[in-house]
Number of protein chains: 2
Amino acid sequence: MCLHCNYQELLTSVNLEATESRLRVLEVVGNNSFPMSAGDIYKTLERNSTINRVTVYRILDLLVGSGIVERLSTGGRSAYYGLAPNNFHKPHPHFYCKQCGQMDCLNPDSLTVKVESLSKTFPGRIDKVEVRLDGICKNCLKQN
Amino acid sequence: MCLHCNYQELLTSVNLEATESRLRVLEVVGNNSFPMSAGDIYKTLERNSTINRVTVYRILDLLVGSGIVERLSTGGRSAYYGLAPNNFHKPHPHFYCKQCGQMDCLNPDSLTVKVESLSKTFPGRIDKVEVRLDGICKNCLKQN
DNA sequence: ATCGAATATGCAATATTGTTGCATTAAAAA
DNA sequence: TTTTTAATGCAACAATATTGCATATTCGAT
Ligand SMILES: [Mn+2]
Ligand SMILES: [Mn+2]
Ligand SMILES: [Zn+2]
Ligand SMILES: [Zn+2]
C-alpha cells in the first residue's frame, strides 16, 4: 500500500471518473506489495463482490493509459500490473520467478541503468525502460 | 547472421540432434538481424518448405532450454526469439516499438546495468537480466 | 542390413490470455 | 425529469501457446 496515494484523488487527477469498479481495481493493485496479473486481480475482486472479467481488463487498460498503473512484462505469458512510478515511488527493477510466477519489486538503487547517452542518439521515442531479472525465487529454491 | 556460428555445431554442442527442422528454425532465428516471434519464424519457414506450427514451438522451447536461443518478452502479447548471448555476442538491451511490433537490438554498451551488488545479497537464483525499452520507432514516428 | 527402442514431428483438440460488439445500466448534463 | 453520455456486463471471438496421442524418423545393437 502506498501511504501517499489516495486512490479517489489519483483517479480524478487524471480525469477518470472514480467509479466503484475502478476504485476497487486500483485498490487491489495499489494495496498489493507486488505486481499481479489481470487474472489475479479479477479473482481477488470476485472473492468479496462481483465484477466482470472484461471490465477488469478494460479498467486496467484505462489505468495504464492514464499512467497511474504500470504494465510489466514477465518471463511468462501474462502481463502483471503495479502502481506506476511517481514522486513517492521511484522506478525500479523486478524479479520474476519462472517457477511460481511470483514477481518481486527490487530496490530502486539495487541496480543502476544509464540510459541518457542512448536517449540522445536514439532515433525513436522512448517511453519506458523495463528491467526484469528472471530466475528462481528463494522459496522455490528451497523446495528443490 | 553470426559469422562465428555454425548452427550444426551449435546444436551438437548442447547435445541436440541436428535435425533438419531444428537447423532450419535455428537458421531463421540466427540469420535474422532482429528478434522475431514464433509466428514470424513459422511463416518464414512455411514459405519455402513445410513444417508444423507446433514443431516450431517445441523446437524453440528446446533451443531456449539448451541456452542457444534467447526468449525475449515484448510490450506485446507474444515472445520474440533471438540468438542467445555468447562469447561473440554480448548481452544487450532491446527496443520494442509498440506500434509496429518491430524489435531492435541495441548496442551492448549503449546502456549500462550494474547488477553485481544485487547478485550478492539477493536470496534467489538470477538466471537472466532483461532490459527492454518500449516506445515508437523512427519509422512509425514519421508516419504520424 | 535388419530389427526394436528411442526420439522427433504432425495433427487435432484444448488452454490461457486478452479483445470486440452490442445490449443494459448508471451517471452526468440539460 | 428527460436526454445524453459513459461504464459495465455478457457472449462471442481472436491470438498465442500447450497437450495428447498417432505416425514417422533416427539410432544402436545385433
Ligand atoms: Mn514494483
Ligand atoms: Mn538482440
Ligand atoms: Zn518461486
Ligand atoms: Zn514501429
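Chain letters run A, B, ... following the sequence lines, proteins first and then strands; every chain starts at 1. Just so it is clear, the values below take in all heavy atoms, side chains as well, and ignore hydrogens, waters and symmetry mates. Owing to the predicted nature of the structure, the values given are computational and were not obtained by experimental measurement.
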- Query: With sequence neighbours left out, what residues match A:Pro85 under side chain to side chain contact (heavy atoms under 4.5 Å, CB included)?
  - Reply: A:Glu70, A:Pro91
- Task: For A:Tyr96, enumerate each residue passing the side chain to side chain donor-acceptor pair (under 3.5 Å) test, keeping only those at least two apart in sequence or located in another chain.
- Result: none
- Could you tell me the separation between the OG atom of B:Ser110 and the CZ atom of A:Phe122, rounded to the nearest 0.5 Å? 9.5 Å
- Item | Flag side-chain contact, heavy atom, 4.5 Å: A:His92 against A:Asn107 | no
- Task: List the steps and the verdict of side chain to side chain contact (heavy atoms under 4.5 Å, CB included) for B:Val129 and A:Asp134.
- Result: CA-CA 6 Å; B:Val129 179; A:Asp134 288 339; over 6 Å; no
- Query: If you measure only the distance, is there a donor-acceptor pair under 3.5 Å linking the side chains of A:Thr74 and A:Arg132?
  - Reply: no
- Message: Suppose we screen for salt bridge (Lys or Arg N to Asp or Glu O under 4.0 Å). Which residues come up paired with A:Glu116, at least two apart in sequence or across chains?
- Response: none
- For A:Asn32 and A:Tyr81, test the side chains for any donor-to-acceptor distance below 3.5 angstrom and give the result as yes or no. no
- Query: For the pair made of CG in A:Leu11 and P in D:dA6, what is the distance, rounded to whole Å?
  - Reply: 17 Å
- Answer yes or no: is there an ion pair linking B:Glu130 with B:Lys128, defined by an N-O contact shorter than 4.0 Å? yes
- Using a heavy-atom distance cut-off of less than 4.0 Å, which residues of residues 69-80 of chain A contact DNA chain D? A:Arg77
- Query: What is the per-nucleotide protein-contact pattern of nucleotides 5-12 of chain C, from the 5' end, where B denotes a base atom under 4.0 Å from a protein heavy atom, S denotes such proximity for sugar-phosphate atoms only, and - denotes neither?
  - Reply: ---SSBBB
- Same hydrophobic cluster for A:Val14 and A:Val25, using side-chain heavy-atom links shorter than 4.5 Å among ILVMFWY? yes
- Task: Nearest whole angstrom, please: distance from the C1' of D:dT16 to the OH of B:Tyr81.
- Result: 10 Å
- Using the side-chain contact (heavy atoms from CB on, under 4.5 Å) rule, pick out the option among A:Val56, A:Val54, A:Thr50 that qualifies with A:Asn52. A:Val54
- Query: Using rotation axes that map the C1' atoms of four end pairs onto the next four (five pairs an end), what angle separates the end axes of the helix from C:dA1-D:dT30 to C:dA30-D:dT1, to 10°?
  - Reply: 30°
- Task: May I have the distance from A:Tyr42 (atom OH) to D:dC10 (atom C1'), rounded to whole angstrom?
- Result: 11 Å
- Query: Can a side chain N or O of A:Tyr57 be found less than 4.0 Å away from OP1 or OP2 on C:dT19?
  - Reply: no
- Query: For the pair made of CG in B:Asn15 and P in D:dC27, what is the distance, rounded to whole Å?
  - Reply: 14 Å
- Message: Can you measure A:Leu60 atom CG to C:dG18 atom P for me and round it to whole angstrom units?
- Response: 9 Å
